[in-house]
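In what follows, a single structure is set out as structure tokens and then discussed.
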There are 2 protein chains.
Amino acid sequence: MDIFKYVEIDGQSRIPKYRQIVDSIIHNISVGKLNIDQKIPSINSFSEEYLLSRDTVEKAYSILKERQIITSIRGKGYYITRTKLLSKVNILFMINKLSTYKMRIYNSFVNSIGGNSHTDLHIYHCDNSLFLNLLEKNRNAYDYYIIMPHFKTEDLKHISYTDEVVTAINKIAKDKLVIMDNNKLAIEKAFIEIYQDFENDIYNALQHGLQKIKKYEKLFLVYPENSVYPYPRRILHGFRKFCLEFSLDFEILEEIYDDIILKKGDLFITIEESDLVNLVNQIREKEFSLGGDIGVISYNDTPLKELLGITCISTDFKMMGETAARMILDKTKGKVKNPFNFIDRESL
Amino acid sequence: MDIFKYVEIDGQSRIPKYRQIVDSIIHNISVGKLNIDQKIPSINSFSEEYLLSRDTVEKAYSILKERQIITSIRGKGYYITRTKLLSKVNILFMINKLSTYKMRIYNSFVNSIGGNSHTDLHIYHCDNSLFLNLLEKNRNAYDYYIIMPHFKTEDLKHISYTDEVVTAINKIAKDKLVIMDNNKLAIEKAFIEIYQDFENDIYNALQHGLQKIKKYEKLFLVYPENSVYPYPRRILHGFRKFCLEFSLDFEILEEIYDDIILKKGDLFITIEESDLVNLVNQIREKEFSLGGDIGVISYNDTPLKELLGITCISTDFKMMGETAARMILDKTKGKVKNPFNFIDRESL
DNA sequence: TACGATTACAGTACAGTACAGGATACAAAC
DNA sequence: GTTTGTATCCTGTACTGTACTGTAATCGTA
């Protein structure tokens, strides 16, 4: 084959030969001499042509294969799979579902990380096996792995399935791993960790609003229990802890039904936007005063909630993405708790 | 025999030939070109027609036989036995950016398509070359390609870059292609097309609100010109056409500045949510009445906009995803315009 | 200096792909 | 019955990647 005339192996160099092979193939891809799906010489023919050990060529090819630049088909050969994303920083961003808030984190991250990086987004739908597949398939292919771990159960210690998840995550090189949002997995040592402390966050935020909350007789947390995508149960725990600590009457609801009976003195904390919409509509319908007769606190702030005057307890999603980007760019490591605030408005 | 014209064997491909035969036949069954009890070519005639070794064809047939998709009768031939194949359908969903609305389309699509499919999401950031690479890399890897084509320029005819995009899209098998949202590319024949007719949609929707719009003296369209992710310019054209047709005074703004001077009788149409928030805040600040002194129409509806009583002109994102899913499941093909509505509320 | 890790080489073995050819058993048409 | 075409099974050959083995030279560091 004459395809590889332009590969130069320097016997004198201090750079290992297998690295030279890797680099020259990457170079040939970047200058367009090698294109996607193109076959590259077999290990045998390459080693014969350049008087190299088969082992050396194999090593180079296996590195390129790990980085997903080439793939191998047993009995056929090696083929180019990627022609882009070289010399850039490649980031894999894995989230459980696509919500408004995850989207805002992702977008603020992509904006902050800048043009010298490429970020792929993958959604694993809270599915353990899908997550494991994704991770296995992309092992070593990226420079950073940003993972938001949210799975069907939070009680991670007793489920073997999630054990697999934890071991899979732990197999990622520590300096490539960024854990976001959830810190309750037994991840040994992540490079970067930006988390919400769900239990204490809601507890502390509600405490900030205690004076106003005390005006109400009973607290309702609308927590979607049977949702396909579960919310952290620690939100529940933090809410309960707060209510018990300050001797407040409380109840957990699964959703705001259409025929819900509202009473003066009720205070609702909603998580899903649909529940908030339903609730406010019913308050208006029954001519209660929002923030007077009935209080509403919404989880996760948005600009439109501000316009509506809805009191919120919320983490700062934009900052979450920005912090992750900044820490990667600055190569700082460590654990950072993302700020969580009580945002006082008219609905309380 | 000419029965098997539709089998494609690529000698260069990294997929083994026998696998290509298997996939080809399964694909032809799933699209209905091969029916139950139908005879398929003998090993000999198949191998001669496609210049393959008999062994290769035999291997493919024996795999299909093992999977009970075909049966063999000694001395006669091979026959299809099963047309219901419950293999998972893989779908590639390509969008230009991750906005609230794209997200809603995606989520409603994934919900509607059901558990027997797997949908991967890829974001190409309006970047032509990134788009081309994604497509090239995933060529033949999916059963359906759902593409929302939005690129840096809409004037697609004069830019060679986007010519490449069009040819790349046209290379996708017609029965695997779903074009969404944008119908102004010269795509020859897509399997499914669900589009917004941006220019006529805004024109018609505004016409529905003409009586109320006439109360205002001047119309402002807040159209982010220099955004990283451009909005279709046909929105502009439709707006202009409407204003000219009905002799309304109008102006195009790039954004709502903090020091904007509001006048009684102004009517604003905002596209970005941030502009809507800014605008409403300023209206409140300057103690104008929303819907009285100053009118507001927002592009793209959301539940919270309903709560706020913001009049909207909007397409139905949920339906867009659902329609795509339904058409794929039902194997119907054709062009469908997604509904676009004028939603009358208090802000006008 | 000594040790361990990396690099590079050589050899062996195994498994998958694709081709070519041959032998046999069955079915249908002549 | 013969001929033709069919599936089925067998052999062999020449590639391919994958996975080990052992050996020697080199380099950095303790």
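In what follows, every chain begins at residue 1, and chains take the letters A, B, ... in the order their sequences are listed.
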Grab the [atom1]-[atom2] distance between [X] and [N] for me, whole Å please.
| X | N | atom1 | atom2 | value |
| --- | --- | --- | --- | --- |
| Y61(B) | dC9(D) | OH | P | 17 Å |
| K17(A) | dT26(D) | NZ | P | 12 Å |
| I73(B) | dT8(D) | CD1 | C1' | 14 Å |
| R54(A) | dA19(D) | CZ | P | 14 Å |
| E58(B) | dC10(D) | CD | C1' | 11 Å |
| I43(A) | dA19(D) | CD1 | P | 10 Å |
| D55(B) | dT13(D) | CG | P | 16 Å |

- Message: I want to check something: taking the side chain as every heavy atom from C-beta on, are I95(A) and Y106(A) in contact at a cut-off of under 4.5 Å?
- Response: no
- Item | Flag side-chain contact, heavy atom, 4.5 Å: Y142(B) against K176(B) | no
Between atom [atom1] of [X] and atom [atom2] of [Y], what is the distance when rounded to the nearest 0.5 Å?
| X | Y | atom1 | atom2 | answer |
| --- | --- | --- | --- | --- |
| K33(B) | Q38(B) | NZ | CD | 12.0 Å |
| D120(A) | I146(A) | CG | CD1 | 11.5 Å |
| N96(A) | I147(A) | CG | CD1 | 12.0 Å |

- Enter the inter-axis angle for the ends of the helix from dT1(C)-dA30(D) to dC30(C)-dG1(D) (five pairs per end, rounded to 10°). 10°
- chain A reaches DNA chain C, atoms under 4.0 Å from its heavy atoms, from dT7(C) to dA18(C)
- Query: So, for H125(B) and H150(B), is the gap between ring centers shorter than 6.0 Å?
  - Reply: no
- Task: Tell me yes or no: between the side chains of T83(B) and N35(B), is some donor less than 3.5 Å from an acceptor?
- Result: no
- Are Y78(A) and dT18(D) close enough that a side-chain N or O sits under 4.0 Å from OP1 or OP2? yes
- Hey, is the side chain of K65(A) poking within less than 4.0 Å of OP1 or OP2 on dG17(D), counting only N and O atoms? no
- Query: Is it the case that more than 12 heavy atoms not belonging to R67(B) sit under 6.0 Å from its CZ atom?
  - Reply: no
- Task: Give a yes or no on whether K331(A) atom NZ has more than 12 heavy-atom contacts from other residues, nucleotides or ligands under 6.0 Å away.
- Result: no
- Smallest heavy-atom separation, L135(B) atom then M94(B) atom, equals CD1-SD, 3.6 Å
- Task: Classify the ring geometry between F191(B) and Y144(B) as parallel (under 30°), tilted (30 to 60°) or perpendicular (over 60°).
- Result: parallel
Polar-atom pairs under 3.5 Å, protein N or O versus N or O of nucleotides 2-5 of chain D: list them with distances, or write none.
{"unit_1": "dG5(D)", "atom_1": "N2", "unit_2": "G75(B)", "atom_2": "O", "d": "3.3"}

